[in-house]
Colleague: 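I have a structure here, written as structure tokens, and I will follow up with some questions on it.
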Amino acid sequence: MRLFDTLARTDRELRPIDGKTFRFYCCGPTVYGPAHIGNFRTFVLQDVFRRVLETAGIPTLHVRNITDVDDKTIRDSQKAGKPLADFTAAWTAKFHADCEALRLLPPHIEPGAVEHIPQQIAMISTLVKKGHAYASDDGSVYFKISSFPDYGKLSRLDSRELDLGKTQNARANSDEYEKDNLSDFVLWKARRPGDGDNFWPSPWGEGRPGWHLECSAMIAEYLGDSFDLHSGGVDLVFPHHENEIAQSVCACGGRFSAHWFHVTHLLVDGGKMSKSLGNLYTLEDLAAKGFTPMEVRYVLIGGHYRKPLNFTLDSLHAAHEALQKLAKGATALATRAGGDFTLADVSFGPFQAAWDQLNHDLNTPGALGSLFTGLRESTALTGRDAAAALAGFNRILRALGLILPPAEEKTADIPADIQAIAEERWQHRTAKNWAKSDELRARLTELGWTMKDGKEDYTLTPIR
RNA sequence: GGCGGAGUCGCCAAGUGGUAAGGCAACGGUUUGCAAAACCGUUAUUCGAGGGUUCGAUUCCCUCCUCCGCCUCCA
């Protein structure tokens, strides 16, 4: 497949550098609370990316870390009155549950930062030894940006802009840090009173690793000095990924990541998500509004990963309808196939366009569109042809990670009083007492329920 | 101030130097007591504004307007 590379600024064909397995790293969550749908946009797109590679027959090695020690995890674990490990374990479990609900394939390796402190200390030692890092008086260690000429290439920052960064942040940092150069970033943070029990011994004294270094050390451990692709949200381009490159290249040599895949941020109601605006949704928030994880997934892949995607409750409703339509189309296709066929070839048939779009810079919205047009083109197919088309359709669905819903579910838990009114109305309707019938339907609407009449029975749906 | 991205039908959203996918919604028809569901059909001469290049631009260039993101630990 072809994919845009942040560093090269162009589409490039992806091939495993070892000729066999495509090895890639994704920056995972910081586990101090529930992940929100913005976080999941990135993880879902990374999942589709992996599924497309695997559908194309390319094996993958997917590494995604858990950041289980940093300022926020320490702060919030103390606020909760729990040991850091217990606190992060609980949120990690929640993250895994959400991932499963969204049908994200689990990474092959999911390292945690705390488990890899020795590797991190070793990497810092190497950087100090090679002259790329230095310890300050308080026992923190910093990376010396001036020792790495390529610094800023990924994010296109030149030295002038770094200088600007210095002046902008000089005031904020001057009383906290002991850096040679204010643009230098921290590799090891000296123990502070507020850290509680969360510190580890090191050659520079007690402390804890810096966030950027955690990823570099775990990448070195599991993917070595050169690997195929690195991914995360756009906000990580600077400084996180820029710093990772500096640390890893200086410590390990090698080319680090051959390709950079960044997912643009999700917007909610046209703007940035924030707690203060009350638009920071989690899967649980949306479930409470009656939306399924699959509907969320559909919305998240409904926009191209390099464009802003505007998330609204309305788009979730549209996703619900769209998934129903796909399910009906698939059922109709299966009915027309009329039986099982042994299908030798693995072509995509009417869904070739969808596959092509997925392979062209991961165009998920284009592929979704082609799913509908492919279904329409298949309406005349029967027997083996229909079965072949259905096979292609299902391959695309698997690549997108979509599971179609069963035919519109009849609501299970209807309150007794609502049920009673509906029964009464049904009797009036059967007796052709239209006036009373309409009156009772209006009443149900007022009570928040929609009653739809069928030939033999009726359905009640809550209005949301 | 610097860097980057975006403005396409009421909403969401693809796409392309050659004349605008798809979904939702809406509307019309068949059907229905009326609705709903289902099925069929319709819905942007136009792609933020203005110039330019071109046989031809929404797609390339320039200017402007609007919005968004990043600029030291936020996916």
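In what follows, every chain begins at residue 1, and chains take the letters A, B, ... in the order their sequences are listed.
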Colleague: Provide the Watson-Crick or G-U wobble partner of B/A26, both distances under 3.5 Å; none if there is no partner.
Modeller: B/U42
Colleague: What is the pairing partner of B/A14, taking Watson-Crick or G-U wobble pairs with both distances under 3.5 Å in any strand?
Modeller: none
Colleague: If I take atom CE in residue A/M273 and atom C1' in nucleotide B/C68, what distance separates them, rounded to the nearest angstrom?
Modeller: 13 Å
Colleague: Determine the interatomic distance between P on B/G22 and the same-named atom on B/C9; round to the nearest Å.
Modeller: 15 Å
Colleague: Taking the six-membered ring for Trp, are the ring centroids of A/F256 and A/F227 within less than 6.0 Å of each other?
Modeller: yes
Colleague: Should B/G4 form a Watson-Crick or G-U wobble pair with both distances under 3.5 Å, which nucleotide is its partner?
Modeller: B/C68
Colleague: For nucleotides 22-37 of chain B, read 5' to 3', which letter fits each nucleotide if B means a protein heavy atom sits under 4.0 Å from the base, S means only the sugar-phosphate is that close, and - means neither?
Modeller: SSSS-------BBBB-
Colleague: Taking atom C1' of B/G15 as reference, at what distance in whole Å does atom CG of A/L358 sit?
Modeller: 15 Å
Colleague: For A/L309, which contact category applies under a 4.0 Å heavy-atom criterion: base, sugar-phosphate, or nothing?
Modeller: sugar-phosphate
Colleague: Cation-pi check for A/F43 against A/R64: NZ or CZ below 6.0 Å from the six-membered ring centre and within 45 degrees of the axis, yes or no?
Modeller: yes
Colleague: Measuring only the C1' atom in each nucleotide, how far is B/U30 from B/U45? A whole number of Å is fine.
Modeller: 32 Å
Colleague: How is A/H262 classified with respect to the nucleic acid when contacts are heavy atoms under 4.0 Å: base, sugar-phosphate, or nothing?
Modeller: nothing
Colleague: Both distances under 3.5 Å, Watson-Crick or G-U wobble: report the partner of B/C47, or none.
Modeller: none
Colleague: Give me the distance, rounded to whole Å, that separates B/A26 from B/A36 when you measure between the P atoms they each carry.
Modeller: 9 Å
Colleague: To the nearest angstrom, how far is A/R306 atom CZ from B/G5 atom P?
Modeller: 9 Å
Colleague: Would you call the rings of A/H320 and A/H317 parallel, tilted or perpendicular, where under 30° means parallel and over 60° means perpendicular?
Modeller: parallel
Colleague: Is there a Watson-Crick or G-U wobble partner for B/U32 with both distances under 3.5 Å, and if so, which one is it?
Modeller: none
Colleague: Crowded around A/H360 NE2? As in, over 12 foreign heavy atoms under 6.0 Å?
Modeller: no
Colleague: Tell me if the side-chain of A/K307 makes a donor-acceptor pair with the base of B/C68, cut-off 3.5 Å, by modelled atom types.
Modeller: no
Colleague: Give me the ring orientation class for A/W355 and A/F348: parallel if the planes are under 30° apart, tilted from 30 to 60°, perpendicular past 60°.
Modeller: parallel
Colleague: Could you give the distance separating B/G10 and B/G48 at their P atoms, to the nearest angstrom?
Modeller: 13 Å
Colleague: Grab the CG-C1' distance between A/D71 and B/U72 for me, whole Å please.
Modeller: 12 Å
Colleague: Taking the ring centre of each residue, are A/Y25 and A/Y222 less than 6.0 Å apart?
Modeller: no
Colleague: Is the phosphate of B/A13 approached by A/N310 (side-chain N or O, under 4.0 Å from OP1 or OP2)?
Modeller: no
Colleague: Whole angstrom is fine here: how far is it from OH in A/Y142 over to P in B/C73?
Modeller: 13 Å
Colleague: Does the ring of A/H265 lie flat against the base of B/A75, closer than 5.5 Å centre to centre with planes under 30°?
Modeller: yes
Colleague: With heavy atoms under 4.0 Å as the rule, sort A/D235 into base, sugar-phosphate or nothing.
Modeller: base
Colleague: In whole Å, measure the gap between the P atoms of B/G28 and B/A37 for me.
Modeller: 14 Å
Colleague: For the pair made of CG in A/L267 and C1' in B/U66, what is the distance, rounded to whole Å?
Modeller: 15 Å
Colleague: With nearest nucleotide decided by heavy atoms, which residue, A/G210 or A/T312, maps closer to the 5′ end of RNA chain B?
Modeller: A/T312
Colleague: Is a donor on one side and an acceptor on the other found under 3.5 Å between the side chain of A/Q120 and the backbone of A/H116?
Modeller: yes
Colleague: In the strands shown, is B/A37 matched to any nucleotide by a Watson-Crick or G-U wobble pair with both distances under 3.5 Å, and which?
Modeller: none
Colleague: Does a donor on one side chain and an acceptor on the other come within less than 3.5 Å for A/R425 and A/S437?
Modeller: yes
Colleague: Between B/U54 and B/A6, how far apart are the two P atoms, rounded to whole Å?
Modeller: 27 Å
Colleague: Report the distance from atom CD1 of A/I301 to atom P of B/A75, rounded to the nearest whole Å.
Modeller: 22 Å
Colleague: Can you tell me, in whole Å, how much space there is between the P of B/U46 and that of B/U8?
Modeller: 16 Å
Colleague: Can you work out whether A/T379 or A/L236 has the more 5'-proximal nearest nucleotide on RNA chain B?
Modeller: A/T379
Colleague: Answer with yes or no after comparing the ring centroid distance for A/F49 and A/Y305 against a 6.0 Å cut-off, counting only values under it.
Modeller: no
Colleague: Distance check, C1' atoms only: B/A49 and B/C65, in whole angstrom units.
Modeller: 7 Å
Colleague: Rounded to the nearest angstrom, tell me the gap between atom CG in A/D184 and atom C1' in B/C73.
Modeller: 15 Å
